[in-house]
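Sequence lines set the chain letters: A, B, ... in the order given, protein chains first and strands last, and positions in each chain run from 1. These values consider heavy atoms only, across backbone and side chains, with no hydrogens, waters or symmetry-generated copies. All of these numbers come straight from a predicted model, not from anything done at the bench.
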There are 2 protein chains.
Amino acid sequence: MSGNVSSPGATVVSRVLAVLYAFDNGHRRLGVTELARRADLPVPTVHRLLRELVAGEALTRDSGGRYVIGRRLWDVGMLAPEQTELQQVASPFLSDIHAATRATVHLAVRDGTEVLYLDRLSGRASVPVVSRAGSRLPLHATGVGKVLLAHAPAQLREDYLTMEMRRPTVHTVTHPERLRRQLAVVRREGYATTEDEMTLGACSIAVPIARAASGSGEQEVVAALGIVVPTLKRERTRLLTALQVAARGIGRSLP
Amino acid sequence: MSGNVSSPGATVVSRVLAVLYAFDNGHRRLGVTELARRADLPVPTVHRLLRELVAGEALTRDSGGRYVIGRRLWDVGMLAPEQTELQQVASPFLSDIHAATRATVHLAVRDGTEVLYLDRLSGRASVPVVSRAGSRLPLHATGVGKVLLAHAPAQLREDYLTMEMRRPTVHTVTHPERLRRQLAVVRREGYATTEDEMTLGACSIAVPIARAASGSGEQEVVAALGIVVPTLKRERTRLLTALQVAARGIGRSLP
DNA sequence: GAGTGGACTTTCACTCAGTGAAAGGTGTGG
DNA sequence: CCACACCTTTCACTGAGTGAAAGTCCACTC
């Protein structure tokens, strides 16, 4: 190759992935030029890759000629065992909580320093919430996030506390010392709550899901289960109980 | 390349996709050799591609060293607008039906000659059903399938009737003339039912979801909504009403 | 504990698939 | 009409990709 790409170790595979990863929640429909910019690749290169990806049905073109993720990649994604096995086990329990509380129910895991939402059940009447399956939020501003952070490895937790934390609302707790104390409470009490920390007018409760330990010993927290409601009112105990029952059920059902 | 691959037009991109498409519902964890066989590529080639895909976090290796679809591909798949936009609009309505009926609820589209399940809500108590989000079944043996087939283009419908049809149970209707009459009834009545056609002991009702036409004219059926229950009992009317309310709601909410 | 079969990994010389600057279209707006 | 932005195609060069073959690892057998 004459000029070749700036970054070393550039293979076709890495370029293909760069193109695919250029899509995100806010950018689901992209043109060649924008994809090239986002993937940091020359336009003609991206253009050719896109043609081959479309030929392979990995991508499709929408009515406006822009490129979108296609059905077959969706299919492939649905085969990721890490996400879908947990999601599948949890699904009936989420339904139960949703039926019992009519609140928005979330299933989430920790991905690095973010909450990754695996599933969401929301009623029509419930609070509008940003999260959807596949979306990410910071660990410190949501109920499920606090649970996951509280049960993360100590090293990661301490690192997180020293990082710059986003403040979606004025109620978001970003003071390291205050957050550290909150997390200790979450571990001790077994649940986390937030009020107006991510979205004004939205409160949340969340509990950890632990893989049921065969013998004794430390239980590994694999995910978190949470609900979002307009206000916690007097309901806290009832909602918490529903969550904990479900979390235990999921933990027992895990392989 | 000295020998090169048998099939012409073999690019790296097509090879990568062949490797990814080698995964399916029954084969989520695969070794190099099996992947190579399924993708019809030489083992060393697949091996190198796999390494690069793992480096790019598209794939992961499970505890047994086998390759599985990774988190980032799941992420990417969740961005497919065709599947997820419909799924997202429909989600609260599925919750409503599920809460009202406690039955297993399905959202599905037609993909060629198959039903593609986009979402499923199942209670713990409900009939065990094979379908899950991302899985496919033949069009003629399920409620949602009959709805989608009934509203498919006439040409495709006729072609389908001449094809060999699988018979999961003895009650599956595969006789072309009988099925054609059933589909006419489905179009006229606006819903489809099955009893024991896919799974013994499972019945289903399904209705079409049509994009709400702005003016008058033909409404385009984009998906189907169905539930699966142990037996229809006297409940048929109530269940059907719940479904139809939801289907209209989704149709109105579509962009 | 040597032997055997199977799957996984690495090597390496050859060469053609991939590359990207440049040029050619296409469409929109001033 | 020109200017600008985006999409698409061309083409000569060359190193990234290729896959047969050889090497490694592991489990299971006799």
- Establish, from distance only, whether the side-chain atoms of R28(B) and T84(A) form a donor-acceptor pair under 3.5 Å. yes

- Query: T174(B) and R166(B): side-chain donor and acceptor closer than 3.5 Å?
  - Reply: no

- Message: Tell me whether E82(A) is salt-bridged to R61(B), with the criterion being a basic N under 4.0 Å from an acidic carboxylate O.
- Response: no

- Message: Between D75(B) and R71(B), does any NZ, NE, NH1 or NH2 come within less than 4.0 Å of an OD or OE carboxylate oxygen?
- Response: yes

With respect to the phosphate group of [N], does any side-chain polar atom (N or O) of [X] fall under 4.0 Å of OP1 or OP2?
| X | N | value |
| --- | --- | --- |
| T11(B) | dA17(C) | no |
| R15(B) | dG17(D) | no |
| R48(B) | dG17(D) | no |

- Message: The test is side chain to side chain contact (heavy atoms under 4.5 Å, CB included); show your working for H140(A) and E197(A) and say whether it passes.
- Response: CA-CA 9 Å; H140(A) 63 279; E197(A) 290 200 39; 5.8 Å; no

- Item | side chain to side chain contact (heavy atoms under 4.5 Å, CB included) involving A80(B) - partner list, sequence neighbours excluded | I69(A), W74(A), Q83(B)

Round to the nearest Å and state the distance from [X] atom [atom1] to [N] atom [atom2].
| X | N | atom1 | atom2 | answer |
| --- | --- | --- | --- | --- |
| R37(A) | dA5(D) | CZ | C1' | 12 Å |
| D40(B) | dG19(D) | CG | P | 11 Å |
| L50(A) | dT19(C) | CG | P | 12 Å |
| E52(B) | dT10(C) | CD | P | 13 Å |

- Query: Between H106(B) and V228(B), is a side chain to side chain contact (heavy atoms under 4.5 Å, CB included) present by the stated rule, with each step listed?
  - Reply: CA-CA 8 Å; H106(B) 283 139; V228(B) 180; 3.8 Å; yes

- Under 3.5 Å for both distances, Watson-Crick or G-U wobble, that's the pair rule; now give the dot-bracket for DNA chain C, with | marking pairs to another strand and [ ] for crossing ones. ||||||||||||||||||||||||||||||

- Derivation and outcome, side chain to side chain contact (heavy atoms under 4.5 Å, CB included), residues Y117(B) and L107(B): CA-CA 6 Å; Y117(B) 287 88; L107(B) 176 70; over 6 Å; no

With 3.5 Å as the limit, what N/O pairs link the protein to nucleotides 6-8 of chain D?
from: dC7(D); atom 1: OP1; to: V32(A); atom 2: N; distance (Å): 3.4
from: dC7(D); atom 1: OP2; to: T33(A); atom 2: N; distance (Å): 2.6
from: dC7(D); atom 1: OP2; to: T33(A); atom 2: OG1; distance (Å): 2.1
from: dT8(D); atom 1: OP1; to: R61(A); atom 2: NH1; distance (Å): 3.4
from: dT8(D); atom 1: OP2; to: H47(A); atom 2: NE2; distance (Å): 3.4
from: dT8(D); atom 1: O5'; to: H47(A); atom 2: NE2; distance (Å): 3.3

